[in-house]
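Predicted model only: the values in this text are computed from it and were never measured. No hydrogens, no waters, no symmetry mates; every other heavy atom, side chains included, goes into these values.
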Amino acid sequence: MAEAAEFQETFRGTTPPAAFHRIRVILPLLAVLLVLLGATELTTAPAARADGTGSRTVAISIDSLTPVAPTQSDKITISGTVTNKGRSTVSAGHIGLRVGGLLSTRSEIDDIGDRTPFSPGGDGPELNGHTQKIGKLQPGISREFTLTVPAKDLNLDRDGVYPLGVSFSGQTSDQQYERVLGIRRTLLPWQPSGAEGKKTKVTFLWPLISSTHLTARTESDQQQTPIFPNDDLAAELAPGGRLQQLVALGKDLHVTWVIDPDLLATVEAMTKSYQVAGPSGKNIPGRGQAVAKQWLSQLQTAVDGKEVVALPFGDPDIASLAHHGTNGTLGHLQSATELAAMTVDTILQVKPRTDFAWPVDGAIDRSVVDVGTSAGAHNIITRSDSLREPDGSPYAPTAARQIGGGNTAIVADARLSTAFEGDMTRAGDASLAVQRFLAQSLMINKQAPENERSIVVAPQRMPTTSQAQAMATALGGLSAGRWTQPLDRLSDAAKAKPDPAAGRRIPGPGSYPDALRAQELPSEAFTEIQKTQQELSSFKTILTSPDRVVIPFGSAIMREMSTSWRGDPAGASDFRAAVQSYLATLQDQVKLVEKSDATLSGRSATIPVTVKNGLLQGIDHLYLQLESTQPNRLKVTDKQPVKIDGGHSQSVKFETRAYANGPVKVRARLYTADGQQVGKDMDFIVHVTSITPMVLLVIAGGVLLLVLAGLRIYLKRKRSGSRDGAGDGPEAGGEGPSDGGDNGGGEPERPGDPAADTGTGSDTPSRPGEKVER
């Protein structure tokens with residue numbers, strides 16, 4: 001720009017011929033200058049320290065850096081591997097260390113670790129006296145390295161975060177001069193003495209959560225032996241397994257335990273006899289009793305004296321409930337919270353805190369907050385990438401802040417909380433994650449060292465074994481307490497004095513992340529859950545021991561809403577279907593025994609209907625009703641109560657009365673006391689043959705006698721009226737013989753009342769073509 005301005009100034013105010021003359025003078029001078037610059041470039045090429053593509057020829061992995069937060073008197077050891085990714089052999093190679101300039105922002109920390117070309121200005125010079133020779137490195141070959149350097153030799157004069165680079169320098173056959181062929185950077189948090197100001201209080205949540213491992217299925221025995229879909233949980237509990245490592249690592253750390261009580265209940269069930277569903281449909285004995293007992297014992301020791309936060313039983317997906325399941329399913333959240341407290345207290349002998357809600361990834365909106373706090377959890381754990389600062393400031397305020405309604409948002413730091421996500425099985429990735437976590441925590445302290453702040457770290461819900469190990473290493477690096485102070489009670493963090501300027505505005509519904517919304521349980525899932533709950537509520541009313549059904553199915557319904565189903569919609573659907581199918585199987589154990597057609601040979605008789613109870617417990621408060629499709633031809637008495645012991649059947653008898661011959665369809669139904677139907681209808685035919693020709697003749701004769709008697713009375717009265725009208729005559733004196741057969745002008749005698757006839761019924765179900773006699 002300056003040269004252009006100077007060039008313009010040179011020609012300003014001149015005539016074209018003069019300008020042309022000056023160009024003829026300047027152009028040769030420019031050509032000479034360009035030649036000189038080219039010669040300089042060629043002369044310095046062998047000593048170049050950067051190559052646009054060459055500095056990516058060798059890949060470097062920094063697998064460990066110890067100590068992770070060194071002091072002035074420590075020796076820093078860095079180890080890793082180098083791999084030749086190029087097509088030619090590298091010769092005269094060596095490993096060196098480089099310390100970059102002091103970082104000033106948290107964003108700069110985020111960028112460290114990405115593989116970028118070597119930059120002499122940014123990466124700094126190679127540290128003299130601390131190199132390791134590698135020699136020749138053929139294409140595709142890897143070599144390990146270890147460098148040890150006294151911390152004082154790094155010459156770090158200020159506290160803060162520094163990029164620490166490991167570079168590989170060497171030559172290739174096509175360019176035989178030494179240059180940087182690869183570099184890998186990590187982070188060095190440097191504060192050899194205590195914090196200059198106040199230390200930052202750090203509360204780290206240590207989640208003990210697993211996916212769903214238990215359904216409602218049990219064996220048909222008095223102990224209700226649970227049936228597991230598989231025995232995968234035993235592997236997680238065994239030494240080296242994910243859950244075993246979480247307990248083993250967490251017991252020595254300053255953390256707040258966050259536990260799903262469903263996991264405790266499932267493991268406790270494994271300590272006894274349990275079955276595992278086999279591939280052929282035949283159950284096989286589970287073999288995880290020993291590891292389950294050992295794990296629970298280790299956990300009881302680990303949480304002794306520590307604060308335990310119990311999530312609602314089954315870890316229900318609060319956001320899914322808020323967005324899709326508020327109609328009829330919110331009551332489960334209260335039940336899950338109550339069951340959580342009882343489960344943890346019973347199994348771990350610890351009184352847990354149940355006043356914290358933790359939605360997935362800390363993502364919230366107003367509906368999520370309302371649902372999360374609806375069951376008594378007045379503290380909701382969110383994250384700084386959800387509840388953001390109003391001015392977008394990078395400053396990290398104290399986690400606790402009031403959000404209205406007597407509720408407190410615990411805003412976990414997003415960078416620290418997500419530091420250990422991703423694949424940590426590669427040592428290089430795990431090491432960088434640890435250094436990034438420590439660097440971010442130091443940078444938070446450096447933001448305002450005069451302010452005492454309390455921050456919270458809420459990592460991923462189900463960390464892998466490698467992720468848990470990296471988390472433990474990072475927390476170990478903070479244990480020296482040079483710039484942080486561990487706070488292992490989340491309840492204390494919730495009581496911390498909020499920063500006045502901290503953001504408190506709950507995001508609107510449109511701010512909820514689309515990626516998370518796509519993983520939620522759909523509305524159809526909650527409709528199915530509600531249907532299962534309604535059928536369970538109806539079914540339990542007829543059971544004499546309802547807890548044998550309500551407890552396993554109630555727990556299974558809570559598991560249907562678990563956050564562990566995110567990302568697995570097919571698994572969630574299959575689980576709901578399995579629960580519904582098993583409930584239907586139990587309901588089918590109380591049923592009507594199929595009945596063949598019956599023949600009614602009298603005007604009134606008893607029809608028996610058999611009810612079978614295939615459950616191990618008795619049933620009561622159940623009613624059986626027969627409905628005649630033609631009550632004008634066949635009438636059946638009202639419904640009858642049913643009470644049957646477990647594994648038995650009962651024959652229920654109904655009185656009937658026939659009015660006409662012919663077939664009549666009768667429908668049998670079982671009902672609960674509140675009118676809910678149990679099982680399926682059963683239809684059968686009753687053939688009415690009770691109205692025989694003899695009976696019809698008797699009825700006709702009776703009718704004829706009534707008609708004749710009425711006619712005789714009419715004629716007699718008419719004759720009497722005629723005599724009275726004549727005034728004399730032999731008939732007037734009443735002397736004539738009296739009419740025999742008349743009982744004083746009353747109604748004639750009738751045959752016996754057919755309603756008094758009652759037949760006797762059989763105690764056994766009717767057989768084909770069975771006649772029900774009078």
Side-chain angles (χ1 to χ4, degrees), residues 210-239 241-244 262-296 314 528-529 532 535-536 539-540 543 545-560 562 564-565 568-591 593-594 612-619 644-649 678-680:
S210 184
S211 56
T212 298
H213 292 279
L214 195 60
T215 68
R217 289 188 62 203
T218 64
E219 290 280 8
S220 299
D221 53 15
Q222 292 295 336
Q223 293 75 26
Q224 287 190 281
T225 302
I227 302 175
F228 285 66
N230 53 61
D231 217 1
D232 293 349
L233 184 56
E236 292 193 61
L237 301 174
R242 187 183 74 88
L243 293 172
Q244 187 274 336
D262 177 33
L263 174 61
L264 301 182
T266 303
V267 177
E268 199 273 338
M270 290 178 62
T271 62
K272 307 166 187 175
S273 175
Y274 70 96
Q275 295 286 309
V276 177
S280 60
K282 183 178 180 181
N283 299 330
I284 58 177
R287 299 181 178 181
Q289 289 89 348
V291 293
K293 292 177 182 178
Q294 184 179 20
W295 186 83
L296 280 180
E528 295 173 9
I529 292 171
T532 303
E535 293 185 3
L536 176 64
F539 186 49
K540 72 179 183 180
L543 304 176
S545 300
D547 285 351
R548 286 178 58 88
V549 173
V550 172
I551 291 177
F553 274 96
S555 299
I557 289 174
M558 294 175 190
R559 295 179 184 118
E560 290 180 347
S562 175
S564 65
W565 297 121
D568 186 16
S573 179
D574 291 344
F575 185 86
R576 293 192 302 271
V579 173
Q580 178 65 37
S581 175
Y582 184 55
L583 178 58
T585 299
L586 293 183
Q587 291 173 316
D588 288 344
Q589 297 301 306
V590 180
K591 60 184 178 181
V593 177
E594 287 295 328
K612 180 181 179 181
N613 176 18
L615 300 173
L616 290 180
Q617 61 174 297
I619 59 173
I644 313 173
D645 293 335
H648 289 75
S649 299
V678 176
K680 299 178 181 178

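Side-chain atoms of Trp295 come within 3.5 Å of backbone atoms of Leu243 as a donor-acceptor pair (strictly under, hydrogens ignored). A donor-acceptor contact shorter than 3.5 Å is absent between the side chain of Ser562 and the backbone of Met558.
Annotation: side chain of Phe228 is in contact with side chain of Met270 (closest heavy-atom distance under 4.5 Å). Annotation: side chain of Gln275 is not in contact with side chain of Arg217 (no heavy-atom distance under 4.5 Å). Val678 places none of its side-chain heavy atoms less than 4.5 Å from the side chain of Gln587. When side chains are defined from C-beta on, Asn283 counts as touching Glu219, because their heavy atoms get closer than 4.5 Å. Side-chain contact between Glu268 and Leu296: present, with at least one pair of heavy atoms (C-beta onward) separated by less than 4.5 Å. Put simply, the side chain of Val549 reaches to within 4.5 Å of the side chain of Phe539, judged on heavy atoms. Side-chain atoms of Val550 and Leu543, non-hydrogen and from C-beta on, never get closer than 4.5 Å to each other.
Nearest heavy atom pair, residue Arg559 against residue Thr266, reads NH2-OG1, 4.2 Å. Closest heavy-atom contact between Pro552 and Arg548: CG-O, 3.2 Å. Thr225 approaches Ser273 most closely through the heavy-atom pair CG2-O, 3.4 Å. Across all their heavy atoms, Ile227 and Ala277 have their closest contact at CG2-N, 4.1 Å. Scanning all heavy atoms of the two residues, the minimum distance from Asn613 to Gln617 falls at ND2-O, 3.0 Å. Shortest non-hydrogen contact noted between Asp262 and Gly314 is CB-N, 3.6 Å.
Side-chain contact of Gln294 with Gln244: a donor-acceptor pair under 3.5 Å is absent, judged by distance alone.
In this structure, Trp565 and Phe575 have tilted ring planes: the angle between them lies in the 30° to 60° band.
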Listed pairs under 3.5 Å, donor-acceptor, residues 230-239 side chains, sequence neighbours left out:
{"from": "Asn230", "atom 1": "OD1", "to": "Asp232", "atom 2": "N", "distance (Å)": "3.1"}
{"from": "Asp231", "atom 1": "OD1", "to": "Tyr274", "atom 2": "OH", "distance (Å)": "2.8"}
{"from": "Asp231", "atom 1": "OD2", "to": "Tyr274", "atom 2": "OH", "distance (Å)": "3.3"}
{"from": "Asp231", "atom 1": "OD2", "to": "Arg287", "atom 2": "N", "distance (Å)": "3.4"}
{"from": "Glu236", "atom 1": "OE1", "to": "Arg242", "atom 2": "NE", "distance (Å)": "2.9"}
{"from": "Glu236", "atom 1": "OE1", "to": "Arg242", "atom 2": "NH2", "distance (Å)": "3.3"}

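Of the inter-residue distances, the one linking Ser545 atom OG with Lys540 atom NZ reads 14.0 Å to the nearest 0.5 angstrom. Annotation: the span from Leu616 atom CG to Asp645 atom CG amounts to 12.0 Å, rounded to 0.5 Å. Distance check: Asp568 CG to Thr212 OG1 gives 10.0 Å after rounding to the nearest 0.5 Å. Taking NZ of Lys612 as the start and CD of Gln589 as the end, the distance is 7.5 Å to the nearest 0.5 Å.
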Could you walk me through whether Tyr582 and Thr215 pass the side chain to side chain contact (heavy atoms under 4.5 Å, CB included) check?
CA-CA 10 Å; Tyr582 184 55; Thr215 68; over 6 Å; no

